[in-house]
Amino acid sequence: MEIDVRGPRFSAALTFLVLAAAFLTGSAWLLAAQVAVFAVSALAGLRWSPYGNLFRVLKRRLHWGPPPATEAEAGPRFSQLMGLLFTGGGLAAVLAGATALGWSLVLVVVALSALLAATGLCVGCEMYALGRRLVGSRP
Amino acid sequence: MTEALTLAVVLAVVAVAARCWRARDGRVRTVADRFSEAELTALAAPGSHRLLVEFTAPSCPPCATTRRLLDDLADEHHDVVVRAVDVGESLQLVRRHGVLRAPTTFVLDDAGHVLGRVAGVPERDDLARLLDTADDMSPTRHVA
């Protein structure tokens, strides 16, 4: 499946806002909501991504026009999986009382989503492409 | 308060990382590297012209942008040839030259020496300047 290249950047901006709010308020519920978003996107595919669907609705309503380019969903989906692992681990740690460890894991995702939103650099996607290259299959 | 401060520190680190990324992305770097005769032959471009070698991947929008830019430059420099290398199909080449990203572009002289290397979509002016400088330094230009 091919996706609009603007979608992952939009999703990263929302992810940053949600996780930063969760961190500032110490809300495990807000963190759990983001974990659920990551889980749907990573496990069911970006077609079902809540933020991706919001992006598509806004794109239609606000006439953002056709995508400047498209890309395969594999890289962005892998980065959603990484987000799920980090925030899921963070949520488990917070609920278990290891709050410093939990929020540290969440801050890694906060930093990477801010980087993607601000520059377009998707570290998870780059890791995915590099990993596929190193194991010898097509990215 | 501590949380706000921590978040501010994280954002500062991200800002520095973003700045470093932008400073490197698309910029020509000089590296000591050379493509062997066998590699040049595999690229179907042995001798007599300079090469712009783009390491590319399927479903890579910046790769298509880079290709258009390289084709434009080749149109302006009659002795420059563009070759595309699929990173998934040329793993040996990828590993030998340490290609980590697609697109990555190498500028080679006619003996295979790497004149410059660019990760990401190249800055057009940087690449053009490098090709023009190499033009000035080329002994064959002065013979004519």
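Lettering of chains follows the sequences in order, A, B, ..., and the numbering in each one begins at 1.
- If you measure heavy-atom distances from A/Thr25 to chain B, you find no contacts under 4.5 Å at all.
- No continuous path of hydrophobic side-chain contacts links B/Leu127 to B/Val121 [ILVMFWY only; heavy atoms under 4.5 Å].
- The CH2 atom of B/Trp21 lies 4.5 Å from the CG atom of A/Leu121; values are rounded to the nearest 0.5 Å.
- In this structure, B/Arg24 places its CZ atom where only 12 or fewer heavy-atom neighbours from other residues, nucleotides or ligands lie under 6.0 Å away.
- For a residue to count as touching a neighbouring chain, one of its non-hydrogen atoms must lie under 4.5 Å from one of that chain's; by this rule A/Glu126 touches chain B with the side chain only.
- For chain A, the nearby part of B/Val94 is the side chain; its heavy atoms alone come within less than 4.5 Å.
- Under the 4.5 Å side-chain criterion, counting only non-hydrogen atoms from C-beta, B/Leu11 is in contact with A/Phe16.
- The CD atom of B/Glu3 sits 10.0 Å away from the CG atom of A/Leu107 when rounded to the nearest 0.5 Å.
- Contact annotation for B/Arg22: only side-chain heavy atoms (C-beta onward) come within less than 4.5 Å of a heavy atom of chain A.
- For the pair A/Ala20 and B/Leu7, the tightest heavy-atom approach, listed with the atom from each and the gap, is CB-CD2, 3.9 Å.
- A/Phe38 and A/Trp48 fall into different hydrophobic clusters, where Ile, Leu, Val, Met, Phe, Trp and Tyr residues are linked whenever their side-chain heavy atoms come under 4.5 Å apart, directly or through other members.
- Within 6.0 Å of atom CZ in B/Arg96, more than 12 heavy atoms from other residues, nucleotides or ligands are found, so the atom counts as buried in its surroundings.
- Within 6.0 Å of the CD atom in B/Glu76, the count of heavy atoms belonging to other residues, nucleotides or ligands exceeds 12.
- There is no path of hydrophobic side-chain contacts, each under 4.5 Å, that joins A/Leu116 to A/Ile3.
- Taking chain B as the reference chain and counting heavy-atom pairs below 4.5 Å, the highest number among A/Leu112, A/Val108, A/Leu115 is found for A/Leu115.
- The most heavy-atom pairs under 4.5 Å with chain B, out of A/Ala69, A/Ala72, A/Gly26, come from A/Ala72.
- When the shell of 6.0 Å around CH2 of A/Trp64 is examined, it contains more than 12 heavy atoms from other residues, nucleotides or ligands.
- Ranking B/Thr65, B/Val13, B/Thr6, B/Asp25 against chain A, the residue ahead of the rest is B/Thr6, based on heavy-atom pairs under 4.5 Å.
- A/Phe55 and A/Val5 fall into different hydrophobic clusters, where Ile, Leu, Val, Met, Phe, Trp and Tyr side chains are chained together by heavy-atom contacts under 4.5 Å.
- For the pair B/Val10 and A/Ala111, the tightest heavy-atom approach, listed with the atom from each and the gap, is CG1-CB, 3.8 Å.
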